[in-house]
> 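Take this structure first; my questions come after.
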Amino acid sequence: MSHWLFKSEPSAWSFDQQVAAGKAGTPWNGVRNHQAKLNMMAMKLGETGFFYHSNEGKAVVGIVAVIKTFYPDPSDATGKFGMVDLRAVEALPKPVTLEAIKAEKRLAKMVLVVNSRLSVQPVTAAEWRIIRSMGGL
DNA sequence: GCCAACGTTGGC
DNA sequence: GCCAACGTTGGC
């Protein structure tokens, strides 16, 4: 089982909205970056990821699960890009801020730190465990 | 196929 | 609001 990290500006789509969408989930649409696309293509049903609030908050705030694997994004006229469907699993009792992540030496190689612009990122098993525990899970 | 120009993202 | 980093576009 791999783990992932999804970035969203809360003003565009927040974890609260993801929670409100319930078990039916929502498509993670609008990705127009090939590296992010490749990451989504690698996702398997039931895999989990962090939900990260960029710009405002700048913190990992919750956990989501893949409930539908990669399929074409109908809003992409070129037909090159696609999306997966996600549902909220649970919120972190304590959001883990970017500041806290940067301060943790074991997370120095996280994609979030090294390539902050990538919107859909892989997370290693160790990073997953560390951030979950920092978040109070 | 190179690369300059431009647009966007996202931390600060 | 600024600007660095990065991706994309388009002229040559």
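A, B, ... follow the sequence lines: proteins, then strands. Residue 1 opens every chain.
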> Got a sec, which pairs hit salt bridge (Lys or Arg N to Asp or Glu O under 4.0 Å) with one end in residues 56-74 of chain A, sequence neighbours left out?
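Those involving residues 56-74 of chain A are A:Arg32-A:Asp73.
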> Between P on C:dT9 and CZ on A:Arg32, what's the gap in Å once rounded to a whole number?
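Rounded to whole Å, this separation is 12 Å.
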> Holding to side-chain hydrogen bond (donor to acceptor under 3.5 Å, both in side chains), I want the full list of residues that pass it with A:Asn33, two or more places apart in sequence or in another chain.
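A:Asn33: no side-chain hydrogen bond (donor to acceptor under 3.5 Å, both in side chains) contacts found.
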> Taking atom C1' of B:dC12 as reference, at what distance in whole Å does atom CD of A:Glu9 sit?
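Those two atoms, CD and C1', are 15 Å apart.
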> For A:Gln18, what residues pass the side-chain hydrogen bond (donor to acceptor under 3.5 Å, both in side chains) criterion, not counting sequence neighbours?
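Scan of A:Gln18 (side-chain hydrogen bond (donor to acceptor under 3.5 Å, both in side chains), adjacent residues dropped) gives A:Trp13, A:Thr26.
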> Other than A:Met83, which residues form its hydrophobic cluster under the rule that side-chain heavy atoms must be closer than 4.5 Å?
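A:Tyr71, which link up through side-chain heavy atoms under 4.5 Å apart, make up the rest of the cluster.
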> Starting at CD of A:Glu99 and ending at P of B:dG11, how long is that distance when rounded to a whole Å?
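Between P of B:dG11 and CD of A:Glu99: 13 Å.
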> Just the rounded figure in Å: distance from C1' of C:dT8 to CG of A:Asp76.
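The answer, rounded to whole Å, is 14 Å.
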> Within residues 102-121 of chain A, which residues have any heavy atom lying less than 4.0 Å from an atom of DNA chain B?
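The answer is A:Lys102, A:Ser116, A:Arg117.
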> With a 3.5 Å cut-off and no angle check, do the side chains of A:Glu47 and A:Trp4 form a donor-acceptor pair?
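A:Glu47 vs A:Trp4: donor-acceptor pair found between side chains.
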> Provide, to the nearest angstrom, the distance between the CG atom belonging to A:Asn55 and the C1' atom belonging to C:dG1.
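Going from CG in A:Asn55 over to C1' in C:dG1 covers 12 Å.
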> Specify the separation, in whole Å, of atom NZ of A:Lys58 and atom C1' of B:dG10.
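So the two atoms are 9 Å apart, to the nearest Å.
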> Please write out which residues are connected to A:Leu45 in a hydrophobic cluster, directly or through intermediates, given that two of Ile, Leu, Val, Met, Phe, Trp, Tyr count as joined at side-chain heavy-atom separations below 4.5 angstrom.
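The other cluster members (ILVMFWY side chains, heavy atoms under 4.5 Å, direct or chained): none.
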> What integer distance in Å separates A:Glu56:CD from B:dC12:P?
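Rounding to the nearest Å, CD of A:Glu56 and P of B:dC12 are 15 Å apart.
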